[in-house]
Amino acid sequence: KMFLEGFFYWCPVSLSDYKRKVVDQLYTSKLNDRADIMKEHKIDYMIVSRFLYPNLKVNDIGLSLVYETRDMKIYKRE
């Protein structure tokens with residue numbers, strides 16, 4: 001599973017609120033617990049845009065960098 005822009009435009013409000021909270025947890029966590037959050041919600045990959053999150057550090061145990069470009073990084077939950 002992964003989050004795509006535009007998802008919140010067509011799904012029920014209750015579902016979008018729930019999914020938004022999960023996304024917020026992933027991109028604001030300072031506890032290095034992203035792999036646990038992803039496992040709990042059955043998310044396998046996390047995409048980090050360097051434009052949206054230029055200072056986000058992902059050093060979580062259980063996540064590995066599998067792809068990187070000048071614009072983004074993709075992490076996979078192990």
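Values reported hereafter were calculated over all heavy atoms of this structure, with side chains retained and with hydrogens, waters and symmetry mates removed.
A continuous path of ILVMFWY side-chain contacts below 4.5 Å connects Leu52 to Ile43, so both sit in one hydrophobic cluster. Note on Leu56 and Val23: same hydrophobic cluster, where clusters join Ile, Leu, Val, Met, Phe, Trp and Tyr whose side-chain heavy atoms are under 4.5 Å apart, directly or indirectly.
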Practice task
Check the pair Ile47 / Tyr75 against side-chain contact (heavy atoms from CB on, under 4.5 Å), numbers first and verdict last.
Solution key: CA-CA 6 Å; Ile47 300 171; Tyr75 297 87; over 6 Å; no
Handout entry: Stepwise side-chain contact (heavy atoms from CB on, under 4.5 Å) test for Gln25 and His41
Key = CA-CA 11 Å; Gln25 286 178 340; His41 297 284; 4.2 Å; yes
Handout entry: Step-by-step salt bridge (charged side-chain N to carboxylate O under 4.0 Å, His left out) determination, Glu78 to Lys39
Key = CA-CA 9 Å; Glu78 298 171 355; Lys39 183 176 181 181; over 6 Å; no
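Side-chain contact between Leu63 and Met38 is present, with heavy atoms from C-beta onward closer than 4.5 Å.
Atom NZ of residue Lys57 and atom CG of residue Asn55 lie 6.5 Å apart, to the nearest 0.5 angstrom. Interatomic distance, CG of Asn32 versus CG of Asn59, reported as 6.0 Å (0.5 Å rounding). With rounding to the nearest 0.5 angstrom, the CD atom of Glu68 is 5.0 Å from the NZ atom of Lys73.
Of all the heavy atoms in Leu26 and Met46, the pair that sits closest is O-CE, 3.6 Å.
Asp33 and Ser29 are linked by a side-chain donor-acceptor pair at a separation below 3.5 angstrom, with hydrogens and angles left out of the test.
Contacts of Tyr67 classified as ring pair (Phe, Tyr, Trp, His ring centres under 6.0 Å), with partners at least two apart in sequence or in another chain: none. Judged as a side-chain contact (heavy atoms from CB on, under 4.5 Å), and not counting sequence neighbours, the contacts of Lys76 are Tyr45, Ser64, Val66. Every residue two or more places apart in sequence or in another chain was checked for a salt bridge (Lys or Arg N to Asp or Glu O under 4.0 Å) with Asp71, and none qualifies.
Side-chain atoms of Arg77 do not come within 3.5 Å of backbone N or O of Gly62 as any donor-acceptor pair.
By the neighbour-count criterion of 12 heavy atoms within 6.0 Å, atom CD1 of Ile61 is sparsely surrounded, having that number or fewer from other residues, nucleotides or ligands.
Salt bridge status for Arg20 with Asp24: present, with a side-chain N to carboxylate O gap under 4.0 Å.
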